[in-house]
Novice: 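One structure coming up, written as structure tokens, with questions to follow.
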Amino acid sequence: MQLSFSTVIATLAAVFAVATPAAAQFCSQATRFGVVNVSPTTLSPGDTFTVTANFTCAAQFGVHPQYTDYYIEVPVNNNGHEPPILLARRTLNASSATPLFDQFTTQLPYAYYFNTSTYVVMLDTTFPQTGTNGSLYSVVGGVETVIQIL
Ligand SMILES: *[C@@H]1O[C@H](CO)[C@@H](O)[C@H](O)[C@H]1NC(C)=O
Ligand SMILES: *[C@@H]1O[C@H](CO)[C@@H](O)[C@H](O)[C@H]1NC(C)=O
Ligand SMILES: *[C@@H]1O[C@H](CO)[C@@H](O)[C@H](O)[C@H]1NC(C)=O
Ligand SMILES: *[C@@H]1O[C@H](CO)[C@@H](O)[C@H](O)[C@H]1NC(C)=O
């Protein structure tokens, strides 16, 4: 087969059209369960703050959240009196214009905090996996962002 110049151009255009969405962004492994952010990051009990979560990269890793649970936690050097504090249990809104993005505001609970501990907002993302016989089961992945509690 003899390729004409216009065929080559059309073929290249098709290759770029396919390649562009994947090449548009690089997602590190750290983003596979979502990316969570908090604003402001320095908080006292009763303070209102905004939490955002972005699952654009998660979707690229095949992670499609069934539930998203948000906690305040002390994951390192927990003194045994610092249980996870639930902030919100949510689901993504598939009909939203930004179905891979979640945002909400909440207040820092009047819980017992220790001024020597490092607190994070933890996002626990529950998502389905295909089991060895083809049936689905659910697993949970966590991602966190540090906050300061005064
Ligand atoms: C979500 O993250 C992706 C990848 O980093 C970014 O391109 C996009 O703008 C973010 N979406 C929002 C609503 O911030
Ligand atoms: C989901 O998004 C749609 C479109 O923005 C909106 O009309 C609807 O109220 C949202 N549902 C929830 C539960 O927030
Ligand atoms: C932390 O709290 C203890 C007990 O209330 C207090 O003695 C200490 O000064 C505080 N440390 C800081 C860095 O605020
Ligand atoms: C896989 O095993 C589960 C649990 O026994 C069963 O409910 C399901 O029907 C099985 N699926 C297939 C595709 O065999």
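Read the numbers this way: they start at 1 and go in the same order the structure lists the ligands and their atoms. Predicted model, so just to flag it, every value in this text is computed and none were measured.
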Novice: For atom 13 (C) of ligand 2, which of the options Thr91, Asn93, Thr98 provides the nearest non-hydrogen atom?
Specialist: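 Looking at heavy atoms only, Asn93 sits closest to atom 13 (C) of ligand 2.
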Novice: Evaluate whether atom CG of Asn77 has more than 12 neighbouring non-hydrogen atoms of other residues, nucleotides or ligands under 6.0 angstrom away.
Specialist: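 No, because the 6.0 Å sphere around CG of Asn77 holds 12 heavy atoms or fewer from other groups.
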Novice: Of all the heavy-atom pairs spanning Tyr119 and Tyr113, show the shortest one and how long it is.
Specialist: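 Tyr119 and Tyr113 have their closest heavy atoms at OH-CA, 3.3 Å.
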Novice: May I ask you to list the atoms of ligand 1 that are less than 4.0 angstrom from any heavy atom of Asn54?
Specialist: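 Listed by number with element, the hits are 1 (C), 2 (O), 3 (C), 8 (C), 10 (C), 11 (N), 12 (C), 14 (O).
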Novice: Who's the nearest protein heavy-atom neighbour of atom 7 (O) of ligand 1, and how far?
Specialist: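 Scanning the protein heavy atoms, the shortest distance from atom 7 (O) of ligand 1 goes to Gln25 OE1, 3.8 Å.
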Novice: Select the closest option to atom 3 (C) of ligand 4 among Thr132, Thr130, Asn133, judged by heavy-atom distance.
Specialist: Asn133
Novice: Is atom 5 (O) of ligand 4 in close reach of the protein, with a heavy atom under 4.0 Å away?
Specialist: no
Novice: Protein non-hydrogen atoms only, distance under 4.0 Å: does atom 11 (N) of ligand 2 have such a neighbour?
Specialist: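 True for atom 11 (N) of ligand 2.
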Novice: Under 4.0 angstrom from ligand 4, any heavy atom of Gly134?
Specialist: no
Novice: Is there a heavy atom of Ser95 sitting under 4.0 angstrom from any atom of ligand 2?
Specialist: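 It does; at least one heavy atom falls under 4.0 Å.
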Novice: Are the side chains of Thr106 and Tyr70 in touch, meaning some heavy atoms are under 4.5 Å apart?
Specialist: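 SC-SC contact between Thr106 and Tyr70 ruled out.
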Novice: Would you mind listing which atoms of ligand 2 come within a distance below 4.0 Å of any non-hydrogen atom of Ser96?
Specialist: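 Close to Ser96: 2 (O).
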Novice: Would you please classify the geometry between the His81 ring and the Phe114 ring as parallel, tilted or perpendicular, with 30° and 60° separating the classes?
Specialist: tilted
Novice: Side chain to side chain contact (heavy atoms under 4.5 Å, CB included) between Tyr137 and Gln129: does it pass, once the steps are laid out?
Specialist: CA-CA 5 Å; Tyr137 63 104; Gln129 295 269 283; 3.7 Å; yes
Novice: If the test is side-chain contact (heavy atoms from CB on, under 4.5 Å), which one of Thr41, Asn37, Leu43, Thr145 qualifies with Val121?
Specialist: Thr145
Novice: Could you tell me, atom by atom, which parts of ligand 1 come under 4.0 Å of a heavy atom of Thr56?
Specialist: 1 (C), 2 (O), 3 (C)
Novice: Of all heavy-atom pairs between Val36 and Val143, which one has the smallest distance, and what is that distance?
Specialist: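 Minimum heavy-atom contact is CG1-O, 3.9 Å.
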